[in-house]
Asks: 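Before anything else, here's the structure in question.
Naming: A, B, ... by sequence-line order, numbering from 1 per chain. Because only heavy atoms are used, hydrogens play no part in the values below, and waters and symmetry mates are left out as well, while side chains stay in. Fair warning: this is a prediction, and the values are worked out from it, not measured in the lab.
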Amino acid sequence: MTISELIKSYEAGLQGFIADPVADAELASFLRESGGYAKAGDAIDDYSLRDTGKDKLSLPYLAALTYYPGCLPGGAQGRGSCVAWSTRNAALVSYCAYLMYGPNTEKFRPPVVSPVAQANGVFSTEGIYWFRRKPTDGWSCSAAAQVVVKECGLLTRQAYPEVGLDLTEYSSSTEGRWGLTIPPENVRAICSQHLVSNATVAEGWEEVRDMLANGFALTTCGGESFSKQRDAFGVCKRTPEGWAHAMCFCAADDRPEIRQRYGCGLVLLANSWGDYLSGADIVQGTNFRIPVGSFWARWEDVKDRYCVALGPSKGWPAAKLPDWGLGGVI
Amino acid sequence: MNRVLIALALAIVYAVFRFAPIPSLPIPTPTPASAVAFPDVAAVAQKMSAGDRSALAAAYLILSRSVDANPTIEPVFPDTAAVRRAHRAALLYVWAAVLNNKAGEVPGLREALESAIASRIGTEDIPLNPENQKEAAKAFADLAASLR
């Protein structure tokens with residue numbers, strides 16, 4: 001499926017995102033029972049994060065692009081698997097932001113991947129999608145969030161000869177290899193090695209903004225559609241068609257001058273349709289570029305989306321340095 | 001801005017070691033507290049000439065400032081492995097090319113420096129974040145002071 005065919009499919013009614021109130025309730029229940037936070041507001045209060053993103057520009061996606069230049073959007077989805085893509089992108093950004101800005105007390109490191117793997121988003125979307133538990137496309141953000149916390153987190157794009165899989169490059173057919181049934185035990189064991197540590201549901205601008213300001217990217221589901229042309233400031237206008245689609249929130253702009261211009265803050269949506277957008281891609285007032293295929297949207301245009309913030313995943317242990325480099329030198 | 005600072009620091013390394021007489025390096029006087037940060041290094045430094053000590057101290061100060069100015073976005077030093085590479089390159093240049101010394105010329109110096117850095121920055125290849133970046137910059141500054 002080409003990108004233009006994919007977009008046409010969404011505009012013709014393809015349901016990549018399917019609302020699932022039962023899954024939403026199950027996620028909330030699971031988070032409460034596992035000692036986490038069902039609501040981001042509670043985590044924000046407990047950790048004194050309230051208003052930490054107020055009046056600020058927060059760009060956690062830059063951490064991912066620093067470790068893995070060009071890793072976003074990681075190609076383009078080849079079927080109605082946007083929920084897995086949005087979830088992967090959020091998990092990727094959250095993990096990298098934790099390494100770069102967080103305490104990283106576990107001394108995790110970014111895994112080394114091949115250039116092809118990097119261009120395909122570093123981590124697999126396929127693994128997440130295998131756990132949707134149905135044969136057809138379309139899924140919900142809450143169900144996918146449960147999967148990355150419990151069953152398949154960050155799965156490095158590489159060959160896994162021991163289970164006969166090669167995930168180095170994205171493949172929509174591999175993405176559909178399992179669905180109605182989940183993968184066999186040996187594949188599940190690989191999938192579960194780097195689970196996302198926690199997730200929480202964010203509601204309202206302040207919660208979304210503050211989560212992003214603290215390095216927690218969000219996987220979001222909704223029905224809004226947007227123009228394919230960014231304006232001079234990188235913003236896309238909402239359009240009437242509607243997409244049943246998942247996209248990752250990977251930055252927030254709450255600077256007073258931005259709020260004044262747009263009447264509200266902006267969020268950066270990392271889409272999974274490849275390089276399909278034209279127009280300005282520089283973050284206003286900075287030299288930073290937004291990822292390929294991403295765009296800013298007014299919060300008022302996306303405020304009804306269901307948003308799950310993802311925490312950092314269980315990472316890769318630090319490698320040992322041979323020494324501090326003075327052998328044969330001094 | 002940080003990139004400019006790093007470029008400036010590297011230019012200073014080149015200019016200072018390539019053209020300036022080493023004894024006239026403008027090295028700040030260390031505080032008594034930082035002078036004893038690495039007593040083993042300070043003890044070995046007593047066996048070195050004043051010129052060698054000054055040159056090494058200057059290299060460590062420049063490393064300290066470079067690491068401290070490491071930009072958060074698109075960092076020059078994304079991890080401790082990158083700091084290690086810069087450390088090795090800087091000392092190789094100063095010790096061999098500028099001072100014309102050989103490896104092992106000062107017994108115990110390599111071990112004392114390795115041990116000092118490992119004690120503060122560690123021996124693992126981990127990403128630099130604001131906290132360990134500050135710690136690495138301070139460790140190099142303390143080494144400079146200990147060498148004086």
Asks: Determine whether more than 12 heavy atoms belonging to other residues, nucleotides or ligands lie under 6.0 Å from atom NZ of B/K134.
Replies: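 Open.
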
Asks: Select one option (side chain, backbone, both, neither) describing which atoms of B/V106 are under 4.5 Å from chain A's heavy atoms.
Replies: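 When you check distances to chain A, no heavy atom of B/V106 falls under 4.5 Å.
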
Asks: Would you compute the distance between atom CZ of B/R85 and atom CH2 of A/W324 and round it to the nearest 0.5 angstrom?
Replies: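 Spacing of CZ (B/R85) from CH2 (A/W324) equals 10.5 Å.
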
Asks: For the residue pair B/R84 and A/P322, what are the closest heavy atoms and their distance?
Replies: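 Scanning both residues completely, I find the closest heavy atoms to be NH2-CG, 3.4 Å.
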
Asks: Does A/R289 have more than 12 heavy atoms from other residues, nucleotides or ligands lying within 6.0 Å of its CZ?
Replies: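 Result for CZ/A/R289: open.
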
Asks: Using a 3.5 Å distance criterion without hydrogens, assess whether the side chain of A/R109 forms a donor-acceptor pair with backbone atoms of B/P127.
Replies: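 No, A/R109 side chain to B/P127 backbone: no donor-acceptor pair under 3.5 Å.
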
Asks: Between B/A96 and chain A, with a heavy-atom cut-off of 4.5 Å, which part of the residue counts as in contact: side chain, backbone, both or neither?
Replies: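 Contact with chain A involves no heavy atom of B/A96 at all.
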
Asks: If I take atom CD1 from residue B/I117 and atom CG from residue A/D323, how far apart are they, to the nearest 0.5 angstrom?
Replies: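 Nearest 0.5 Å value for the CD1-CG distance: 10.0 Å.
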
Asks: Using a cut-off of 6.0 Å, state whether more than 12 heavy atoms not belonging to A/N287 lie near its atom CG.
Replies: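 No, not enclosed.
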
Asks: Rounded to the nearest 0.5 Å, how far apart are CD1 of B/I126 and CG of A/N104?
Replies: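 Output value for this atom pair is 6.5 Å.
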
Asks: If I compare all heavy atoms of A/T66 with all of B/P75, which pair ends up nearest, and what's the gap?
Replies: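 Of all heavy-atom pairs spanning A/T66 and B/P75, the closest is CG2-CD, 3.0 Å.
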
Asks: Closest approach of B/T72 and A/M100, non-hydrogen atoms and distance?
Replies: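 Scanning both residues, the minimum pair turns out to be O-SD, 3.5 Å.
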
Asks: So which heavy atom on A/L326 is nearest to which on B/R110, and how close?
Replies: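 For A/L326 versus B/R110, the nearest heavy atoms are O-CD, 3.2 Å.
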
Asks: Would you mind checking which part of A/F108 comes under 4.5 Å of any heavy atom in chain B, side chain (CB onward), backbone (N, CA, C, O), both or neither?
Replies: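 When you check distances to chain B, only backbone atoms of A/F108 fall under 4.5 Å.
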
Asks: Roughly how far, to the nearest 0.5 Å, is the CZ atom of B/R88 from the CD1 atom of A/I330?
Replies: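 Spacing of CD1 (A/I330) from CZ (B/R88) equals 11.0 Å.
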
Asks: Under a 4.5 Å cutoff for heavy-atom pairs, which residue among A/L99, A/L65, A/L59, A/L62 has the most contacts with chain B?
Replies: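 If we count pairs closer than 4.5 Å to chain B, A/L99 comes out on top.
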
